[in-house]
Amino acid sequence: MMKPSMLRSLHSAVSRGASHLTRRGYATEPVPERKVAVLGAAGGIGQPLSLLMKLNPLVSSLSLYDIAGTPGVAADVSHINTRSEVAGYQGEEELGKALEGSDVVIIPAGVPRKPGMTRDDLFNINAGIVKALCTAIAKYCPNALVNMISNPVNSTVPIAAEVFKKAGTYDEKRLFGVTTLDVVRAKTFYAGKAKVPVADVNVPVVGGHAGVTILPLFSQATPQANLDDDVIKALTKRTQDGGTEVVEAKAGKGSATLSMAYAGALFADACLKGLNGVPDVVECSFVQSNVTELPFFASKVRLGKNGAEEVLGLGPLSDYEKHGLEILKPELLASIEKGIKFANQ
Ligand SMILES: NC(=O)C1=CN([C@@H]2O[C@H](COP(=O)(O)OP(=O)(O)OC[C@H]3O[C@@H](n4cnc5c(N)ncnc54)[C@H](O)[C@@H]3O)[C@@H](O)[C@H]2O)C=CC1
Ligand SMILES: O=C([O-])CC(=O)C(=O)O
């Protein structure tokens, strides 16, 4: 039975609007209004990611943009009885409206790999797409947190940074390469070998987001497990090749979409929590960085009201990880420089 005092607070909370309620009905602080835009929303990642963002109670307005197909995706998702209003925008002439007022912009726009391709093979098409989208972000929502999913992330993030610099809107705290899928994979694979519940597992993944530039730090994995060196090597390789494993299994029908949508939704949720002032939100992400001599690097990042409030260091590395770190630097630097050069052409 509900006590009369609880009933009164529930009634007064209801009269102020549902966003003032916790799930148990107690009056609480209002959840801020937040607009999230998904660019590439009709794609393999974009559709399930749009679904997952529609399920997120921190979102009040969900803006779905693509060059084609968004009216259908938006109509479909909009029937789900959750908080956010949904709008679909199609074609370049609607991009401004899609972006205006966004707090977080998630970008899974562009072509995916086919078997035999590297992520860098996507550069020629995706670099131009990302450049155009970021030019519009600088114009219509320069303060948004940008979550870059489009590959090659090691180059598309530097491209975005250069576009924003040219527009005079660059804030390194607001630009993120989404590497969450590497963390998701490392956790899953580690839990399997260490025979620990996957929900308890944490594994930082640093470096970049392609092949050897992906460096999982299993020496820092929790809960700790005494795994042999050859098991750690196999886990590292499987994490680095996780994307290729999916590309080959899909045999020409694209790359990871469902696990990426999950990972993208996790990272966007962390960004929203940070914006809303939730303390101690830490996720790995590819950001502008002083952690190594490279200008961009993925490591743990503390998310807050301004985006990346703090880029955390690497912590102690095993000899195997130290070696991996040295191996990845030339490839990662070349990809970063390729992006910077493209953006300044
Ligand atoms: N960061 C990561 O961990 C991961 C990144 N990816 C990358 O995400 C990207 C998207 O992958 P999928 O969704 O599987 O591809 P997809 O081809 O299924 O969807 C891409 C969508 O982008 C749209 N698009 C193309 N040009 C656009 C533009 N100028 N503006 C807005 N939208 C545009 C297309 O119309 C399409 O709907 C690829 O580059 C892929 O490599 C994929 C998996 C993981
Ligand atoms: O492998 C790809 O091309 C897509 C991707 O980035 C991933 O799944 O990690």
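Every number for a ligand or one of its atoms is a count from 1 in the order of the listing. Just so it is clear, the structure is predicted and the values come from calculations on it, not from any experiment.
Near Leu122, with a cut-off below 4.0 Å to any heavy atom, the atoms of ligand 1 are 41 (O). Close approach to Thr257 involves these atoms of ligand 1, each under 4.0 Å from a residue heavy atom: 14 (O). Here is the list of ligand 2 atoms found below 4.0 Å of a heavy atom in His209: 5 (C), 6 (O), 7 (C), 9 (O). Near Asn126, meaning under 4.0 Å from one of its heavy atoms, ligand 1 places the atoms 39 (O). Annotation for ligand 1: atoms under 4.0 Å from non-hydrogen atoms of Ala256 are 42 (C), 43 (C).
Remark: the Glu162 side chain and the Asn344 side chain contain an N/O donor-acceptor pair separated by less than 3.5 Å. No side-chain N or O of Glu33 forms a donor-acceptor pair with one of Ser61 less than 3.5 Å apart. Side chain to side chain, Thr244 and Arg113 meet the donor-acceptor criterion of an N or O pair below 3.5 Å.
Residue contacts with ligand 2: Val246 is excluded, as none of its non-hydrogen atoms falls under 4.0 Å. Ligand 1 has at least one atom lying under 4.0 Å from a heavy atom of Ala42. The closest approach between a heavy atom of Arg185 and any atom of ligand 2 is below 4.0 Å.
The aromatic rings of Tyr170 and Phe164 lie parallel to each other, their planes meeting at an angle below 30°, with 60° marking the opposite boundary.
For Lys338 and Asp120, the salt-bridge test passes: some basic side-chain N is under 4.0 Å from an acidic carboxylate O.
Among protein heavy atoms, atom 37 (O) of ligand 1 sits closest to Asp66 OD2, 2.7 Å. Protein heavy atom at the shortest distance from atom 17 (O) of ligand 1 is Pro112 CD, 3.5 Å. Nearest protein neighbour of atom 20 (C) of ligand 1, counting heavy atoms only, is Gly110 O, 3.2 Å. When only non-hydrogen protein atoms are considered, atom 16 (P) of ligand 1 lies nearest to Gly44 N, 3.8 Å.
By the criterion of a heavy-atom distance under 4.0 Å, the backbone of Val111, and not its side chain, is placed next to ligand 1. Only the side chain of Val153 comes within 4.0 Å of ligand 1, judged by heavy-atom distances. Of all the heavy atoms of Met148, none lies under 4.0 Å from any atom of ligand 1, so neither backbone nor side chain is involved. At a 4.0 Å heavy-atom cut-off, ligand 2 does not touch Glu245 at all. With a 4.0 Å heavy-atom cut-off, ligand 1 is reached by the backbone of Ile45 and by its side chain too. Looking at Arg119 against ligand 2, only its side chain comes within 4.0 Å, counting heavy atoms. Looking at Pro108 against ligand 1, only its backbone comes within 4.0 Å, counting heavy atoms. Looking at Leu122 against ligand 2, nothing comes within 4.0 Å, counting heavy atoms. Residue contacts with ligand 2 for Leu181 involve side-chain atoms from C-beta outward but no N, CA, C or O (heavy atoms, distance under 4.0 Å).
Ring to ring, Phe267 and Phe176 are close: their centroids are under 6.0 angstrom apart.
For atom 31 (C) of ligand 1, the choice among Tyr65, Tyr89, Phe267, Phe286 with the nearest heavy atom turns out to be Tyr65. Taking all heavy atoms of Asn151, Leu181, Val130, Asp182 into account, the minimum distance to atom 6 (N) of ligand 1 is reached by Asn151.
For the pair Arg113 and ligand 2, the shortest N or O to N or O distance falls below 3.5 Å.
A donor-acceptor pair under 3.5 Å links the side-chain atoms of Thr292 to the main chain of Leu294, judged by distance alone. The backbone N or O of Gly177 sits less than 3.5 Å from a side-chain atom of Ser285, completing a donor-acceptor pair. Asn276 places no side-chain N or O within donor-acceptor distance of the main-chain N or O of Val278, the cut-off being under 3.5 Å.
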